[in-house]
Amino acid sequence: MTTVGFVGLGIMGAPMASHLLAAGHRVVGFDVHRPAVDRLAATGLVPADRVADAARSADIVITMLPDHPQVEQVAFGADGILATARPGTLFIDMSTIRPETSVAVARAAADQGIQVLDAPVSGGEVGAKQATLSIMVGGGEPDVAAARPLFELLGRTVVHVGGHGAGQVVKAANQLVVAGILALVSEAIVLLEGSGVDAKAGLDVLAGGLAANRVLELKRESMVAREFRPGFRIDLHHKDMGIVLAAGRQAGVALPVAGLVAQLVAAGRAMGHGGLDHSALLTVVEQLSGRAT
Ligand code: NAD
């Protein structure tokens, strides 16, 4: 049995912490939103009032937070993980954040004798609930090996992709490809409908040929029906496209299509669709053709 400190018990963190509890681990949980802690306390989670209470007694601390400012606060705060966890603790950040923050946290933690992994996930709320996440891990091999039994309680695909920050770079690439495909599927729908061709029939054919992809497989019906209940919100994808562009700048590479897709996602947010599923990019593409629904 491992004592796991878990910080960030939201849409993703709550089911992930539940899997660790179900496997018999002691989980000490903290979230700034107290009801999130209380819900899991009913199923065996040890409630913590502060980050320090989750970190101090832990063998492994996991964070699942919205973005890099929250990770920095929880890691570097006076009451945070680096200040309060014991030397030898493994700190695994599973949030999606910019790679440079993962590298900075790992460097600072090493000075305290704390090892760090960045381990963002793909698979969404369903993947978190069903423990079928894909987990992309950056950091040192011995730490990945130590964390693997926990990762295998949370996901099906666990890949060590490189050193600190590499997990976040892979996640950024994942988010770029997903947003890009969503934009192209949206354009395909606008083209089909604008030409008087049945979009459902058209996309069914696409899904069986070289254009087949998971977005078409999972989302084509809801997109044609204009059902945009999240899912993965445009607000979060907007954050992720910012990470993609910043990572590209950091790497000194040009990502022209990423720039365009990032602007479409930003437009969706500016139009007030931040709370809708990212497939609502269709609405943005439609408006460009004066075909608002
Ligand atoms: P969420 O907003 O539901 O959960 C985040 C939780 O962190 C909230 O409960 C919030 O109260 C808590 N929190 C915020 N600041 C805190 C702080 N300083 N200390 C303690 N708790 C704090 O978000 P989510 O959907 O669970 O996403 C978490 C991360 O996982 C994000 O980086 C997101 O991009 C990524 N992600 C989400 C999905 C998805 O489908 N939702 C899929 C893959 C990856």
Side-chain angles (χ1 to χ4, degrees), residues 5-19 28-41 45 47-55 61-84 91-99 101-102 105 118-137 154-157 167-168 170-179 182 214-215 218-219 228-244 265 274-279:
F6 208 114
V7 182
L9 299 165
I11 290 176
M12 299 295 285
M16 291 163 70
S18 295
H19 294 311
V28 186
F30 173 71
D31 193 294
V32 284
H33 182 56
R34 184 70 200 193
V37 179
D38 293 339
R39 267 195 297 277
L40 282 175
L45 178 114
D49 292 327
R50 322 177 285 153
V51 174
D53 297 334
V61 181
I62 296 177
T63 47
M64 194 52 169
L65 296 161
D67 198 359
H68 69 92
Q70 293 81 22
V71 173
E72 286 164 3
Q73 187 194 349
V74 164
F76 297 133
D79 191 35
I81 294 166
L82 268 51
T84 59
F91 170 13
I92 309 172
D93 178 36
M94 303 191 75
S95 327
T96 300
I97 62 168
R98 55 188 193 185
T101 298
S102 302
V105 169
D118 49 293
V121 306
S122 166
E125 184 181 10
V126 172
K129 285 186 168 159
Q130 297 179 348
T132 56
L133 293 170
S134 288
I135 307 177
M136 36 224 117
V137 193
L154 305 176
R156 264 198 208 136
T157 308
Q168 297 295 353
V170 173
K171 174 69 183 180
N174 182 76
Q175 296 305 85
L176 165 58
V177 171
V178 172
L182 278 166
R214 288 281 281 168
V215 168
L218 298 175
K219 301 247 176 213
F228 301 129
R229 197 166 19 90
F232 189 76
R233 284 178 291 117
I234 282 197
D235 277 342
L236 279 178
H237 219 133
H238 177 67
K239 172 204 64 156
D240 292 350
M241 292 311 296
I243 294 170
V244 170
V265 177
L276 297 183
D277 188 70
H278 50 177
S279 55

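Atoms within each ligand, like the ligands themselves, are counted from 1 in listed order. Quantities reported herein were computed from a predicted structural model and do not represent experimental measurements.
- Residue, atom and distance of the protein heavy atom nearest to atom 37 (C) of ligand 1 are Met12 CG, 3.6 Å.
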Test side chain to side chain contact (heavy atoms under 4.5 Å, CB included) on Met94 and Ile135 and set out the steps. CA-CA 8 Å; Met94 303 191 75; Ile135 307 177; 4.1 Å; yes
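- Gln70 contributes a side-chain N or O that, together with a main-chain N or O of Asp67, makes up a donor-acceptor pair within less than 3.5 Å.
- Distances below 4.0 Å separate heavy atoms of Thr96 from the following atoms of ligand 1: 32 (O), 34 (O), 35 (C), 44 (C).
- Atom 15 (N) of ligand 1 has as its closest protein heavy atom Gln70 CG, 3.5 Å.
- Nearest protein heavy-atom neighbour of atom 18 (N) of ligand 1: Gln73 OE1, 3.4 Å.
- Looking at Lys171 and Asp118, no side-chain N of the basic residue comes within less than 4.0 Å of a carboxylate O on the acidic one, giving no salt bridge.
- At the top of the distance list for atom 30 (O) of ligand 1, counting protein heavy atoms only, stands Met64 CE, 3.2 Å.
- When all heavy atoms of Gln168 and Ser102 are compared, the closest pair comes out as CG-OG, 3.2 Å.
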Any chance you could lay out the side chain to side chain contact (heavy atoms under 4.5 Å, CB included) test for Met12 and Val121, step after step, and finish with the verdict? CA-CA 10 Å; Met12 299 295 285; Val121 306; 3.7 Å; yes
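- Nearest non-hydrogen protein atom to atom 43 (C) of ligand 1 is Val121 O, 3.5 Å.
- Residue contact check: Glu125 has heavy atoms under 4.0 Å from atoms 40 (O) of ligand 1.
- With distances taken over non-hydrogen atoms, the option nearest atom 31 (C) of ligand 1 out of Leu236, Leu65, Leu9 is Leu65.
- Contact check for Val7 versus Met64: no side-chain heavy atoms found under the 4.5 Å cut-off.
- Atoms CZ and CD1, on Phe6 and Ile92 in that order, are 9.5 Å from each other to the nearest 0.5 Å.
- Near Val7, meaning under 4.0 Å from one of its heavy atoms, ligand 1 places the atoms 20 (C).
- We find that Glu125 and Arg229 are not joined by a salt bridge, their nearest charged nitrogen and carboxylate oxygen being 4.0 Å or further apart.
- For atom 32 (O) of ligand 1, the nearest non-hydrogen atom from the set Ala36, Ser134, Pro66 belongs to Pro66.
- Atom CZ of Arg34 sits in a crowded spot, with more than 12 heavy atoms from other residues, nucleotides or ligands closer than 6.0 Å.
- Between Ala128, Pro230, Gly13, Gly124, it is Gly124 that holds the heavy atom closest to atom 40 (O) of ligand 1.
- Close contacts of ligand 1 with Lys171, meaning ligand atoms under 4.0 Å from a residue heavy atom, involve 43 (C), 44 (C).
- Considering only non-hydrogen protein atoms, atom 10 (C) of ligand 1 sits nearest to Asp31 OD1, 3.4 Å.
- The contact set between ligand 1 and Phe30, taken as ligand atoms under 4.0 Å from a residue heavy atom, comprises 19 (N), 20 (C).
- At least one heavy atom of Lys239 sits closer than 4.0 Å to an atom of ligand 1.
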Apply the test side chain to side chain contact (heavy atoms under 4.5 Å, CB included) to residues Asp93 and Val105: give CA-CA distance (whole Å), side-chain angles for both, the deciding distance (0.1 Å), then the verdict. CA-CA 10 Å; Asp93 178 36; Val105 169; over 6 Å; no
One pair to check against side chain to side chain contact (heavy atoms under 4.5 Å, CB included): Phe91 and Leu82. What are the steps and the verdict? CA-CA 9 Å; Phe91 170 13; Leu82 268 51; 4.1 Å; yes
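- Gly10 CA, 3.3 Å is the protein heavy atom nearest to atom 4 (O) of ligand 1.
- Between His278 and Gln175 the shortest side-chain heavy-atom distance does not fall below 4.5 Å.
- Contacts between Val74 and ligand 1, counted as non-hydrogen atom pairs separated by less than 4.0 Å, involve the side chain only.
- By the 30° and 60° cut-offs, the orientation of the rings of Phe232 relative to His237 is perpendicular.
- Among protein heavy atoms, the minimum distance from atom 21 (N) of ligand 1 is reached at Val32 N, 3.3 Å.
- Atoms of ligand 1 lying under 4.0 Å from at least one heavy atom of Gly8, given by number and element, are 7 (O).
- Protein non-hydrogen atoms do not reach within 4.0 Å of atom 23 (O) of ligand 1.
- Checked against a 3.5 angstrom limit, the closest N/O atoms of Ile11 and ligand 1 fall inside it.
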